Amino acid sequence: MKLPRLTPSVRGRGRRRTTARLAVAALVAAGAATLPVPAAQAAGSVVKVEGSQGAWKLTVDGAPYTVKGLTWGPAVADAGTYMPDVKSMGVNTIRTWGTDATTKPLLDSAAGQGIKVIAGFWLQPGGGPGSGGCVNYLTDTQYKNDMLAEFPKWVETYKDHPGVLMWNVGNESVLGLQNCYSGDALEQQRDAYTTFVNDIAEKIHAVDRNHPVTSTDAWTGAWPYYKKNAPDLDLYAVNSYGAVCDIRKTWQDGGFDKPYIVTEGGPAGEWEVPDDANGVPDEPTDLAKAEGYSRAWQCVTGHPGVALGATLFHYGTEYDFGGVWFNLLPAGQKRLAYYAVKKAYGAGTSGDNTPPVITGMTVDDASAVQAGRPFTVRASVSDPDGDRITHQMLLGSKYVDGSGQLVDVRFTDRGNGTFEVTAPDRLGVWKVYLKSSDGKGNVGIETTSFKVVPPKVGGTNLAAGKPAAASTSQPGGTGCPCPAGKAVDGSFDTRWASDWSDRQWIQVDLGTRTAFDHVQLAWETAYAKGYTVQTSDNGQDWRTVHTVTEGNGGIDDIDVTGEARYVRVDASVRGTPWGYSLYEFGVYRR
């Protein structure tokens with residue numbers, strides 16, 4: 001059975017192969033301390049998948065065990081600080097993506113709190129499409145032999161540790177292989193990969209008979225490959241977000257004969273939601289995200305005897321694009337989703353202070369915010385406990401340049417949920433984030449998009465639709481061909497782009513000798529750090545009327561007086577490794 005091609009996921013990418021960095025903000029309440037594991041450590045548990053078709057259960061030392069878990073984000077060195085809080089949420093299990101010599105402190109801290117670990121082993125190309133390296137599972141004997149030696153070594157090291165619940169081989173590689181292969185070759189690789197997973201499972205079982213082995217992939221389309229090629233797995237595992245409630249039906253329709261756990265789950269991800277009016281994924285609200293975790297857990301527990309639990313995503317502290325989308329405690333502050341998971345796992349939240357709630361966040365004229373100009377953000381913000389709320393505004397350029405980082409911006413609180421922010425001067429769709437904190441370790445976060453367009457220039461754009469020429473133009477690539485005329489077509493969705501070398505020029509023919517008093521350059525990401533504006537009456541003899549030596553891209557509004565038939569931008573120093581690229585080259589008479 002073929003797995004359909006899916007949109008690339010952003011689920012915690014970058015967290016899975018390395019431990020997450022910690023934010024400065026502290027999470028754990030005063031008085032929480034690390035519980036040390038005694039030097040004479042208890043023996044490891046005996047964990048089994050028991051029962052028959054449709055009536056399975058997981059047992060630990062003979063007692064039934066439902067996985068009530070979270071995926072783990074903080075650094076191993078900080079596990080002792082964070083693990084008591086994890087325990088307070090009713091969590092009994094955490095999941096990792098890698099196991100090696102650095103893992104013991106995490107296992108120690110987990111065991112000290114009575115928490116078990118689903119210990120992961122990473123295989124390429126893990127993490128879905130676009131992530132990880134490409135391995136040929138038919139021919140790369142060296143890679144396979146290395147993994148067959150590496151993984152059982154750590155199983156041998158930790159199999160008697162009381163913190164181990166089970167072993168998990170790979171993460172989303174059946175899906176991820178579509179980034180490396182297609183057609184019949186893709187099918188062959190998927191068969192070879194899942195056969196190799198079975199080889200690893202056999203090796204692990206030979207070393208450790210007391211802990212089950214599973215393998216995670218993205219959605220149940222991968223399970224037929226495991227059913228066909230990996231009979232030695234004790235159970236299946238799946239990462240599923242918005243579609244988590246469909247797992248039961250696909251399990252039934254697929255005729256599978258093993259139970260499963262959900263190893264990632266939560267609110268709908270970037271790859272699952274519709275686009276907003278600005279054409280970017282419409283991120284769920286804090287309220288919707290909290291409901292996403294509650295719904296996921298209800299659907300897992302709604303498949304008794306087959307679904308053995310879940311490790312929901314993500315006990316992480318990063319405060320970036322993905323962290324705001326998925327983390328229960330970005331920058332160490334608890335949000336509504338944190339308490340939704342706590343309640344789902346039966347820990348009780350009646351005595352907890354609650355985060356601020358933000359609703360109805362909008363940006364005035366969100367599809368035409370002028371670069372460098374103030375714009376207005378509106379939202380309704382309240383705190384259920386009546387706590388004093390402080391605000392922070394941040395901007396994200398994920399859909400402009402791919403950066404996941406969020407940047408603090410100055411803003412003016414106009415009162416009544418109205419905030420004034422200055423727009424960046426780079427064109428494209430940005431996200432603005434409102435972060436409202438209650439001073440009690442809780443936070444509400446909402447975000448919405450806005451599209452930055454050039455500031456309006458009065459008068460007439462003399463260059464609009466006129467003949468244009470350039471030293472070079474890119475014939476192909478992203479959004480190209482990009483000839484010179486694209487810079488004077490009146491559209492900020494098209495562009496001129498040059499070759500990747502320093503000295504390049506673009507010029508416009510105004511038709512006759514014409515007076516002008518303003519030039520506006522709307523740079524794409526590839527901008528000029530150094531350039532001159534030149535004029536000519538014959539297209540051969542040029543005079544410089546303006547010089548820039550420290551350009552930074554975005555929008556350049558230049559008040560410059562001239563009278564000529566031709567106007568040229570002569571670019572000499574690139575601001576990026578690429579060439580030069582202009583969305584629009586405007587010459588105005590105001």
Side-chain angles (χ1 to χ4, degrees), residues 370-372 401 424-427 452-474 480 482-492 494-590:
Q370 294 186 60
D401 57 15
D425 70 350
R426 291 181 64 188
L427 304 186
V452 175
V453 300
K456 295 177 181 177
V457 180
T460 302
N461 183 2
L462 305 170
K466 297 295 175 63
S471 52
T472 60
S473 296
Q474 287 187 20
C480 289
C482 298
K486 296 291 188 181
V488 293
D489 63 359
S491 171
F492 292 95
T494 61
R495 64 190 177 99
W496 162 69
S498 77
D499 285 348
W500 292 14
S501 58
D502 273 330
R503 198 61 182 262
Q504 302 287 340
W505 54 263
I506 181 172
Q507 67 188 48
V508 59
D509 180 357
L510 302 181
T512 61
R513 182 177 170 86
T514 308
F516 64 91
D517 55 18
H518 189 84
V519 171
Q520 185 182 78
L521 303 177
W523 295 101
E524 193 248 358
T525 303
Y527 68 93
K529 182 179 180 181
Y531 66 91
T532 59
V533 178
Q534 302 175 336
T535 61
S536 175
D537 293 326
N538 58 15
Q540 296 180 2
D541 302 312
W542 296 92
R543 52 190 172 271
T544 296
V545 295
H546 186 78
T547 301
V548 173
T549 58
E550 294 296 332
N552 59 4
I555 302 296
D556 286 348
D557 274 309
I558 305 166
D559 288 327
V560 56
T561 300
E563 186 172 351
R565 176 176 174 176
Y566 299 92
V567 182
R568 170 185 284 194
V569 174
D570 187 21
S572 55
V573 181
R574 286 175 291 164
T576 72
W578 307 295
Y580 304 96
S581 184
L582 281 169
Y583 287 118
E584 281 295 299
F585 173 15
V587 180
Y588 291 85
R589 181 171 59 222
R590 295 179 295 182

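Predicted model, so just to flag it, every value in this text is computed and none were measured.
The side-chain contact (heavy atoms from CB on, under 4.5 Å) check on Pro424 picks up Leu395, Trp430, Phe450, Val452, with sequence neighbours excluded. Residues passing the ring-ring contact (aromatic ring centres under 6.0 Å, His included) test with Tyr531 are Trp523, sequence neighbours excluded. Ala468 meets the side-chain contact (heavy atoms from CB on, under 4.5 Å) test with Ala484, Val488; sequence neighbours excluded. Partners of Arg568 under the salt bridge (charged side-chain N to carboxylate O under 4.0 Å, His left out) rule, at least two apart in sequence or in another chain, do not exist in this structure. Checked against side-chain hydrogen bond (donor to acceptor under 3.5 Å, both in side chains), Ser491 has no partners two or more places apart in sequence or in another chain. By the salt bridge (charged side-chain N to carboxylate O under 4.0 Å, His left out) test, Asp559 pairs with Arg590, sequence neighbours left out. Checked against side-chain contact (heavy atoms from CB on, under 4.5 Å), Val573 has the following partners two or more places apart in sequence or in another chain: Lys529. Every residue meeting the side-chain contact (heavy atoms from CB on, under 4.5 Å) condition with Asp401, not counting sequence neighbours, appears here in chain and number order: Ser397, Ser403, Arg426. With sequence neighbours excluded, the residues that form a salt bridge (charged side-chain N to carboxylate O under 4.0 Å, His left out) with Asp570 are Arg503. With sequence neighbours excluded, no residue satisfies salt bridge (charged side-chain N to carboxylate O under 4.0 Å, His left out) with Glu584.
The shortest heavy-atom contact between Val508 and Phe585 is CG1-CE2, 4.0 Å. For Thr494 against Lys486, the heavy-atom pair with the smallest separation is OG1-O, 3.3 Å. Between Ser536 and Ala564, the shortest heavy-atom contact is O-CB, 3.5 Å. Of all the heavy atoms in Gln370 and Pro454, the pair that sits closest is CG-O, 4.2 Å.
Annotation: side chain of Val569 is not in contact with side chain of Tyr580 (no heavy-atom distance under 4.5 Å). Contact of the Val457 side chain with the His518 side chain is registered, since non-hydrogen atoms from C-beta on lie closer than 4.5 Å. Put simply, the side chain of Val560 reaches to within 4.5 Å of the side chain of Phe516, judged on heavy atoms. A heavy-atom distance below 4.5 Å is found between the side chains of Val567 and Val533. In this structure, the side chains of Pro455 and Gln520 come closer than 4.5 Å at one or more pairs of heavy atoms.
Listed for the Ser498 side chain is no donor-acceptor partner under 3.5 Å among the backbone atoms of Ser473. With hydrogens and angles disregarded, a donor-acceptor distance shorter than 3.5 Å links the side chain of Trp496 to the backbone of Thr472.
Sorted by first and then second residue, the pairs that involve residues 505-516 and meet salt bridge (charged side-chain N to carboxylate O under 4.0 Å, His left out), not counting sequence neighbours, are Asp509-Arg565, Arg513-Asp537, Arg513-Glu563. Note on residues 458-471: pairs passing side-chain hydrogen bond (donor to acceptor under 3.5 Å, both in side chains), not counting sequence neighbours, are Ser471-Gln504.
Heavy-atom neighbours of Trp578 CH2 from other residues, nucleotides or ligands within 6.0 Å: at or below the threshold of 12.
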